[in-house]
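Position 1 is the first residue of the sequence; numbering continues from there.
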Amino acid sequence: MAANLQVLLDNRPTGKVSPANFRTVETAAPAPGPGQVLVRHQFLSLDPYMRGRLSDAKSYAAPQEVGAVMGGGTVGIVEASNDPRFKAGDAVVGMGGWQRYGSSDGRDLRVIDAKAIPIQAYLGPLGMPGVTAWYGLNKIIAPKGGETVVVSAATGAVGSVVGQLATLAGARAVGIAGGPEKCAYAVQELGYAVCVDHKSPHFADEMKAALPNGVDGLFENVGGEPFAQAMRRLNTFSRVAICGLIASYEGAPTALPDMRVFLVKRFKMEGFIVSDHMDLWPQAIGELAGHAAAGRLKWRETIRDGLENAPQALVDLLHGGNFGKMLIRIN
């Protein structure tokens, strides 16, 4: 019987998350029961939303259960199937969690084409992050040609797709990222008109210089000071999509501006969770796959080897230690 390596939530963080909050165990790989599918996972997706699930505070999703396998998106290969929709050898994407093998009733699995595009892309630009970018930009910001769209965490798994889609829509994409290397990548590879380094001691002045015509659309992934600086430059009838607030997940909450700005600027601000819009995923993935196949969509990955390294990789992700999509290659 093959060994199934698993990472469990051992205890909830009382402050910042650390590897000590997790426990790695080894069990026997499960055998698929009637109607079930056994998947050998190849890659695990690490995402900022996972920090919120470690808390037992009421939120849009149930907290991660202590003592249970950590939840998370996975791609892998079907090893055995008792479900006629899947056969051994199929490449599938699903929510297999932080473990080498997962059994499923198939409801969360989708067969993917792993020949034309690397399998892990279905956890990034052709998966949840890509659909998140597509939805927030197209359904909330809806940029018009010539408008300015600001994207925080501009080179991350979501932000990198937002910037490229905004540019394809004819908007002027302005990125915010941490450090010269990420900002150079944003402009030279992702096509941002300009990228502002939020670690710069002159961040506020550089934001002002980058936005001579203000902000028509803001895709917010970070919160904190980047959010405050972008909000100060909103144009009348601008649109703000709140996707994430990673600066607040382990620090001080992000404060809203003086409420008077809502009236004066008459702007729209909307938070969203992409799993609320599953009916739009096929359309979004189809469009994203078309861009990828045509070479219009680029992405970058940070890959850590070994499932046992997932806890530290999550900590690093929450503190900006990734460049593009953070993945675990499962051995």
Any side-chain to backbone donor/acceptor pair from [X] onto [Y]? Under 3.5 Å, distance only.
X: Tyr192; Y: Ala154; result: yes
X: Trp281; Y: Gly127; result: no
X: Arg329; Y: Ile303; result: no
X: Asn11; Y: Ala20; result: yes
X: Asn4; Y: Ala28; result: no
X: Asp83; Y: Gln36; result: no
X: Glu220; Y: Val222; result: yes
X: Thr254; Y: Gly224; result: yes
X: Asp90; Y: Val92; result: no
X: Ser152; Y: Asn221; result: yes

Separation between [atom1] of [X] and [atom2] of [Y], rounded to the nearest 0.5 Å:
X: Met128; Y: Leu123; atom1: CE; atom2: CG; value: 9.0 Å
X: His41; Y: Asn331; atom1: NE2; atom2: CG; value: 14.5 Å
X: Glu270; Y: Arg239; atom1: CD; atom2: CZ; value: 12.5 Å
X: Leu44; Y: Leu307; atom1: CG; atom2: CG; value: 6.5 Å
X: Phe22; Y: Leu9; atom1: CZ; atom2: CG; value: 6.0 Å
X: Ile328; Y: Leu314; atom1: CD1; atom2: CG; value: 9.0 Å

Specify the closest pair of heavy atoms between Phe219 and Thr132, including all atoms of both residues, with the distance to one decimal.
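The pair with the smallest heavy-atom distance is CZ-O, 3.9 Å.
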Show the nearest heavy-atom pair for residues Pro63 and Ala57, with the distance to one decimal.
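So the two residues come closest at CG-O, 4.4 Å.
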Check the side chains of Gln120 and Gln42 for a donor-acceptor pair under 3.5 angstrom, ignoring hydrogens and angles.
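Side chains of Gln42 and Gln120: no pair found under 3.5 Å.
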Would you check if there is a donor-acceptor pair between the side chains of Thr155 and Ser160 at a distance under 3.5 Å?
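Ser160 vs Thr155: no donor-acceptor pair found between side chains.
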Presence of salt bridge, [Y] and [X], under 4.0 angstrom:
X: Asp258; Y: Arg260; result: no
X: Lys325; Y: Glu301; result: no
X: Lys182; Y: Asp197; result: no
X: Glu65; Y: Arg53; result: no

Verify whether the ring centers belonging to Tyr185 and Phe323 lie closer than 6.0 Å.
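Centroid distance Tyr185-Phe323: below 6.0 Å, so yes.
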Can you list the residues that meet the ring-ring contact (aromatic ring centres under 6.0 Å, His included) rule with [X], with sequence neighbours excluded?
X: Phe262; answer: Phe267
X: Phe86; answer: none
X: Tyr49; answer: none

Scan the side chains in residues 205-217 for donor-acceptor partners under 3.5 Å anywhere in the protein, sequence neighbours excluded, and list what turns up.
| from | atom 1 | to | atom 2 | distance (Å) |
| --- | --- | --- | --- | --- |
| Glu206 | OE1 | Ser200 | OG | 3.1 |
| Glu206 | OE2 | Ser200 | OG | 3.1 |
| Asp216 | OD1 | Asn235 | ND2 | 3.0 |
| Asp216 | OD2 | Thr148 | N | 2.8 |

Atom pairs and distances, side-chain donor-acceptor, residues 286-296, under 3.5 Å, sequence neighbours left out:
| from | atom 1 | to | atom 2 | distance (Å) |
| --- | --- | --- | --- | --- |
| Glu287 | OE1 | Trp134 | NE1 | 2.8 |
| Glu287 | OE2 | Gln283 | NE2 | 3.3 |
| His291 | ND1 | Arg296 | NE | 2.9 |
| His291 | ND1 | Arg296 | NH2 | 3.3 |

Does Lys268 form a side chain to side chain donor-acceptor pair (under 3.5 Å) with Ser238? I'd like the steps, not just the answer.
CA-CA 6 Å; Lys268 177 179 77 172; Ser238 52; over 6 Å; no
Going by atom type alone, with no hydrogens or angles, which donor-acceptor pairs under 3.5 Å involve a side-chain atom of residues 69-79 and a protein atom two or more places apart or on another chain?
| from | atom 1 | to | atom 2 | distance (Å) |
| --- | --- | --- | --- | --- |
| Thr74 | OG1 | Gly96 | N | 2.9 |

Connected via hydrophobic side-chain network under 4.5 Å: Tyr249 and Val274:
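They do share one cluster, since a chain of ILVMFWY contacts under 4.5 Å joins Tyr249 to Val274.
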Assign the ring pair His277 / Tyr135 to parallel, tilted or perpendicular, where the plane angle (0 to 90°) is split at 30° and 60°.
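Ring orientation of His277 relative to Tyr135: parallel.
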